[in-house]
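All remarks here apply to the structure that follows.
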Amino acid sequence: MSSPDVVRRISSVAIVATFLVLITFLGLLASLRADSSHSSSASDDSYVHLMTLSEDDLALNKPNRRVIILGDVHGMVDSLAEILDATGYNEKNDYLIHVGDIVAKSGVPAALQSLDYFSSLNITGVRGNHDDKVIQWRYWIDEVLASKGGKKWLKQMEKSTPKQIKKYMKSGANLKAKWVIPEGWKFAEEHYWIAKEMSQAHFDYFSRLPLALHIPSLHTFIAHAGLLPTDTSRSHGSPLSRRPSKKRSEEKLRLEQERALLHKISQNRDPWTVMNMRSILEGGGVTRKGDVGQPWSEIWNEWMDKCGGFDVSDLNDLTDISELGKETKLPCRPSTVIYGHAASRGLDVKRWTMGLDSGCVYGRRLTAMIITSDSKIHNRRPFAEDSEVEELSISHGETGRARLVSISCPEPPPES
């Protein structure tokens with residue numbers, strides 16, 4: 001599909017979606033949520049924590065079949081069209097996945113176009129931190145609109161200037177109001193307006209996005225910010241330090257251990273961590289700051305490099321990898337995490353982690369990772385010498401290879 005074709009596809013989807021919204025408007029009002037548990041944020045029940053993709057889902061055994069994983073799009077729909085063209089994406093043959101943050105930072109209209117595209121094709125992906133902010137605002141807006149007097153109050157608040165809203169929040173009037181704007185939320189700014197303007201179809205798609213994807217056949221996880229190989233608070237040992245069970249096949253042992261990483265490490269069950277983590281502080285705490293502590297990806301790679309197979313003896317719930325001798329191995333097999341979120345670190349490829357947020361929304365690059373069934377790289381497309389498309393072959397898994405394709409993105413407009 002050529003770049004103009006993709007742009008036309010995105011535009012046509014946006015037009016159809018607009019008509020659908022108009023037609024179903026009265027029905028949508030009736031379906032607005034009024035669950036008081038969402039007054040400050042969605043309850044834990046509102047998250048889909050995990051989706052598992054089977055071999056049949058990926059269908060990499062089909063001729064020329066590929067899995068294409070997109071870095072953070074952030075509503076950059078023209079760049080989205082370009083990267084799909086650069087990879088030669090074919091929606092009938094390829095399996096497309098995104099790492100979250102498909103909206104925000106590029107304006108409301110662009111965010112809605114991005115949502116039109118991903119939701120219309122029901123593209124598989126994970127929930128990013130910016131996606132989550134939009135979702136939480138939508139829950140809150142729906143609650144206000146579903147209550148008596150809420151629509152009028154909301155309309156009045158939307159007419160307020162940023163200065164008036166700031167004064168309102170600081171005065172304490174917010175806490176006394178019938179509808180409390182949660183502390184730290186930025187009312188009537190970009191995330192709010194995306195939430196207000198997006199269709200029910202957009203919201204339904206967003207709400208279904210899991211926090212993490214598990215692909216057992218590739219021994220790969222996808223999460224927006226990342227995952228941890230051990231409880232960094234050291235209150236529990238890592239599942240990698242002990243053999244899962246005694247009498248099972250190699251693949252079943254790997255599956256059991258990979259599931260344990262997701263379910264038995266508390267940070268990997270925490271929505272905020274999985275969507276926001278960048279580094280681990282000295283005391284084991286998680287931070288979204290990228291310039292302090294140790295990048296979580298370094299910790300993941302340290303543990304995975306120690307995996308020596310399931311014939312290795314258990315190490316009694318090890319919590320600290322530094323306790324191991326140089327030659328000591330763990331009773332595990334390595335797995336890979338593919339993620340986004342860390343644009344400040346750029347394209348961040350390590351042996352067992354692939355950070356795909358290369359900062360498109362900041363005028364840098366948009367990156368896609370292409371996986372095929374073969375360890376060799378097929379479907380390589382020729383590019384002109386002066387092309388702004390870049391390619392890189394990388395290792396994926398224990399024996400596989402993958403290809404990274406990136407395109408340059410336009411410079412962001414100057415701040416007014």
Side-chain angles (χ1 to χ4, degrees), residues 10 13-14 16-18 20-21 24-25 27-29 31-35 37-51 53 69-77 80 96-146 182 185-187 189-213 222-225 270-276 339-341 357 361:
I10 294 173
V13 168
V16 172
T18 300
L20 288 174
V21 170
T24 60
F25 179 70
L28 297 183
L29 284 178
S31 66
L32 291 172
R33 296 179 64 114
D35 185 348
S37 67
H38 300 301
S39 58
S40 59
S41 65
S43 68
D44 191 60
D45 291 339
S46 72
Y47 292 103
V48 178
H49 282 260
L50 176 66
M51 177 187 292
L53 298 179
I69 305 171
L70 293 174
D72 300 38
V73 173
H74 280 294
M76 300 290 286
V77 289
L80 170 62
L96 189 63
I97 301 173
H98 65 77
V99 299
D101 277 2
I102 60 174
V103 301
K105 297 189 177 184
S106 56
V108 177
L112 297 179
Q113 278 189 292
S114 182
L115 271 170
D116 282 338
Y117 182 77
F118 286 103
S119 64
S120 68
L121 297 177
N122 196 29
I123 301 299
T124 300
V126 293
R127 187 185 297 197
N129 59 307
H130 286 280
D131 306 329
D132 189 57
K133 287 180 181 181
V134 172
I135 294 167
Q136 304 306 333
W137 267 121
R138 180 58 172 255
Y139 280 130
W140 184 87
I141 291 168
D142 284 0
E143 181 183 343
V144 172
L145 291 175
W185 291 26
K186 296 180 179 180
F187 182 81
E189 294 193 8
E190 186 184 20
H191 295 93
Y192 172 88
W193 288 114
I194 297 171
K196 183 82 181 294
E197 298 298 325
M198 71 180 178
S199 70
Q200 187 67 29
H202 294 158
F203 179 57
D204 291 343
Y205 171 75
F206 252 166
S207 300
R208 291 193 300 267
L209 291 178
L211 296 174
L213 290 169
I222 300 175
H224 179 64
D270 175 50
W272 186 91
T273 298
V274 175
M275 292 185 290
N276 289 275
Y339 65 101
H341 187 56
D357 187 356
V361 76

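- Ionic pairing of R138 and D142 is present here: one or more N-O contacts between side-chain nitrogen and carboxylate oxygen are shorter than 4.0 angstrom.
- Remark: D101 engages no residue in a salt bridge (Lys or Arg N to Asp or Glu O under 4.0 Å) (not counting sequence neighbours).
- For the pair M76 and S114, the minimum side-chain heavy-atom distance is 4.5 Å or more.
- Every residue two or more places apart in sequence or in another chain was checked for a ring-ring contact (aromatic ring centres under 6.0 Å, His included) with Y205, and none qualifies.
- Between T273 and A225, the shortest heavy-atom distance links the atoms O-CB, 3.9 Å.
- Between G125 and P210, the shortest heavy-atom distance links the atoms O-CD, 3.1 Å.
- Take S119 and apply the side-chain hydrogen bond (donor to acceptor under 3.5 Å, both in side chains) test, not counting sequence neighbours, and it matches no residue.
- In terms of heavy-atom proximity, L53 sits nearest to I97 at CD1-CD1, 4.0 Å.
- Under the rule for a side-chain hydrogen bond (donor to acceptor under 3.5 Å, both in side chains), the partners of T124 that lie at least two apart in sequence or sit in another chain are Y95.
- Scanning for side-chain hydrogen bond (donor to acceptor under 3.5 Å, both in side chains) contacts around N129 gives H224, H341, with sequence neighbours left out.
- Expressed to the nearest 0.5 Å, how far CH2 of W193 lies from CD1 of I141 amounts to 8.0 Å.
- Looking only at side-chain heavy atoms (C-beta outward), D72 and V361 stay at 4.5 Å or farther from each other.
- Applying the side-chain hydrogen bond (donor to acceptor under 3.5 Å, both in side chains) criterion to K186, with sequence neighbours excluded, gives no partner residue.
- G75 and A110 get closest at one heavy-atom pair: O-CB, 3.2 Å.
- Between D132 and Y47 the shortest side-chain heavy-atom distance falls below 4.5 Å.
- The nearest pair of heavy atoms linking A195 to V134 is CB-O, 3.3 Å.
- Listed by chain and residue number, H98 satisfy the ring-ring contact (aromatic ring centres under 6.0 Å, His included) test with F118 (two or more places apart in sequence, or in another chain).
- Here the CE-NZ distance, from M198 to K196, works out to 12.5 Å after rounding to the nearest 0.5 Å.
- In terms of the ring-ring contact (aromatic ring centres under 6.0 Å, His included) criterion, residue partners of W137 (sequence neighbours excluded) are, by chain and number, W140, W185, Y192.
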- Message: Go through it in stages, so that I can follow the logic: the residues are L80 and L70, the test is side chain to side chain contact (heavy atoms under 4.5 Å, CB included), and I'd like the CA-CA distance, side-chain angles, deciding distance and then a yes or no.
- Response: CA-CA 9 Å; L80 170 62; L70 293 174; 3.8 Å; yes
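- At distances below 3.5 Å, at least one donor-acceptor pair connects side-chain atoms of N276 with backbone N or O atoms of W272.
- Across all their heavy atoms, V103 and L115 have their closest contact at CG1-CG, 3.8 Å.
- Take H130 and apply the ring-ring contact (aromatic ring centres under 6.0 Å, His included) test, not counting sequence neighbours, and it matches H74, H191.
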